[in-house]
Number of protein chains: 2
Amino acid sequence: MPSSTVENYLKRIYLEEQADPGAAVVSMKNLAGAMGVTPGTATSMAKSLADSRFVAYEPYGGVKLTARGRTLALRILRRHRLIECFLVEALGLDWSEVHDEAESLEHAISDKLLDRIDEFLGFPSVDPHGDPIPTAAGEVRQTLLTALTDVEEGADVRIARILDQDEKFLRFVDRHRLRPGTRGRVLAHDHAAEAVTIQSGKLPAVTMGRTAAAKIMVEIVKG
Amino acid sequence: MPSSTVENYLKRIYLEEQADPGAAVVSMKNLAGAMGVTPGTATSMAKSLADSRFVAYEPYGGVKLTARGRTLALRILRRHRLIECFLVEALGLDWSEVHDEAESLEHAISDKLLDRIDEFLGFPSVDPHGDPIPTAAGEVRQTLLTALTDVEEGADVRIARILDQDEKFLRFVDRHRLRPGTRGRVLAHDHAAEAVTIQSGKLPAVTMGRTAAAKIMVEIVKG
DNA sequence: ATCCTTTTTTTGACTAATCAAAATCGCGTC
DNA sequence: GACGCGATTTTGATTAGTCAAAAAAAGGAT
Ligand SMILES: [Mn+2]
Ligand SMILES: [Mn+2]
Ligand SMILES: [Mn+2]
Ligand SMILES: [Mn+2]
């Protein structure tokens with residue numbers, strides 16, 4: 001069985017591939033950065049992942065998950081996201097604090113326990129951040145979402161997914177009632193100021209920068 | 001922070017000390033046996049635990065937990081047992097299968113999550129096997145129990161604790177309704193056959209060997 | 001074509017945890 | 001007091017994961 005280190009690398013490579021679908025491979029620089037290790041460490045891990053056939057490794061190029069590697073990455077991601085759901089649903093932890101906990105639990109629970117959790121939760125399809133939960137078969141149902149930056153002024157939206165697990169950002173989102181599932185309206189885009197103004201519930205509207213808004217994915221609500 | 005390997009060794013040393021309170025120290029042979037490693041590995045770990053002041057190590061003698069080591073061992077034991085409770089209570093896992101799961105989860109959960117679990121469970125004092133749960137302060141409330149082998153014929157008892165986490169044994173206990181909390185009556189001791197006969201509920205009486213009976217701890221019920 | 005900067009790889013070292021097998025110790029028996 | 005056996009320690013090796021720093025490669029700019 002792969003170590004939790006290997007599991008973490010594979011999950012990270014998967015997420016890097018998702019984050020930049022244009023790039024053919026994940027560079028050692030990006031991998032090292034994402035994993036918080038030195039580039040040399042990333043290189044030697046890349047070789048070892050390639051030896052185990054989890055990635056294709058091109059020297060001076062980068063790594064790319066094989067089918068085998070993707071399967072394992074999705075297995076871990078599934079665990080991660082189901083655990084996040086469980087911690088929120090069963091124990092009432094705040095969605096802003098479940099990520100770190102899931103980061104270690106994802107390696108520790110058995111398949112049997114995971115199935116129980118899945119059943120307990122009623123087989124959810126997204127986690128508390130709106131991230132899709134891969135199926136046991138290793139499929140990810142991708143929904144078409146729009147970044148808040150790309151929504152027309154005046155449009156009604158349903159917040160669907162937050163692309164940043166940082167506690168501070170999640171608490172900001174929370175404060176302004178912008179959790180996945182809530183409704184809102186985009187009031188204005190200020191292109192010069194690179195800012196978006198959105199309003200949710202009875203709360204006063206909030207204006208945030210482009211980069212923040214880009215991390216909030218929504219569905220456009222037909223009115 | 002100590003590694004999970006160190007945590008496992010300390011917990012094991014604690015349990016070995018409990019299992020043989022007469023012995024002043026835990027020998028390398030016993031430690032190696034209990035941990036499933038070679039004697040040389042036990043020796044080198046003993047030295048390293050002594051360097052961290054978790055144990056006192058006497059060459060050619062054995063190891064003995066320091067106050068510091070005992071505190072850590074009890075911390076892990078507390079986690080282990082609360083997790084066992086949680087898996088049974090919240091997810092309906094069978095008590096015969098929670099031990100292995102807890103063995104890895106005990107190293108993975110945060111203090112905060114542990115507190116939530118404790119609260120969720122209503123601050124239990126024993127786990128599903130009847131093992132006492134150490135307090136957060138590191139105290140173990142010891143109750144006076146009698147081994148089934150030491151109970152007089154005809155006495156009514158309340159099963160209180162099972163001193164073996166083996167799945168097969170636990171399922172045997174289960175089949176004969178001898179879980180912690182249930183009532184029973186000791187019908188006979190057969191000293192020649194080294195056997196004890198006990199009866200619980202409406203079930204037919206069951207006769208078991210001394211060694212099995214010695215692992216079932218009970219309270220005598222005054223009639 | 002040469003230089004310069006960034007990225008990547010290599011090298012050498014280190015820690016934690018383990019094993020196999022050899023050396024040594026402790027201790028009860030003769 | 002010497003012997004022998006079981007327990008213990010030592011030695012040498014291995015694997016996983018890491019870093020620092022040196023070396024090498026890529027690739028754009030001049
Ligand atoms: Mn992880
Ligand atoms: Mn998530
Ligand atoms: Mn453990
Ligand atoms: Mn238990």
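All heavy atoms count here, side chains included; hydrogens, waters and symmetry mates do not. The sequence lines fix the lettering, A, B, ..., with proteins before strands; numbering per chain opens at 1.
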- Do we see a donor-acceptor contact under 3.5 Å between the side chains of His80(B) and Asp127(B)? no
- Query: Relative to each other, are the rings of Phe86(B) and Phe86(A) parallel, tilted or perpendicular (30° and 60° limits)?
  - Reply: perpendicular
- Item | For atom CG of Leu10(A) and atom P of dG17(D), their distance in whole Å | 11 Å
- Query: Any sub-3.5 Å donor-acceptor pair from Glu16(A)'s side-chain atoms to Leu31(A)'s backbone N or O?
  - Reply: no
- Message: I'd like to know if Arg79(A) and Asp111(A) make a salt bridge, using a cut-off of under 4.0 Å between side-chain N and carboxylate O.
- Response: yes
- Phosphate oxygens OP1/OP2 of dA16(D): is one of them under 4.0 Å from a side-chain N or O of Ser3(A)? no
- Task: Counting heavy atoms from C-beta on, name the nucleotide in dA25(D), dT18(C), dT18(D) closest to the side chain of Tyr60(A).
- Result: dA25(D)
- Near-strand residues of residues 22-53 of chain B, defined as heavy-atom separation under 4.0 angstrom from DNA chain D: Ser27(B), Met28(B), Lys29(B), Pro39(B), Gly40(B), Thr43(B), Lys47(B)
- Query: Could you state the interatomic distance from CG (Leu114(A)) to CG (Leu105(A)), rounded to the nearest 0.5 Å?
  - Reply: 11.0 Å
- Query: Does dT8(D) have OP1 or OP2 sitting under 4.0 Å from an N or O in the side chain of Tyr57(B)?
  - Reply: no
- Query: Does Thr66(B) offer a backbone N or O that forms a donor-acceptor pair with the side chain of Arg53(B) under 3.5 Å?
  - Reply: no
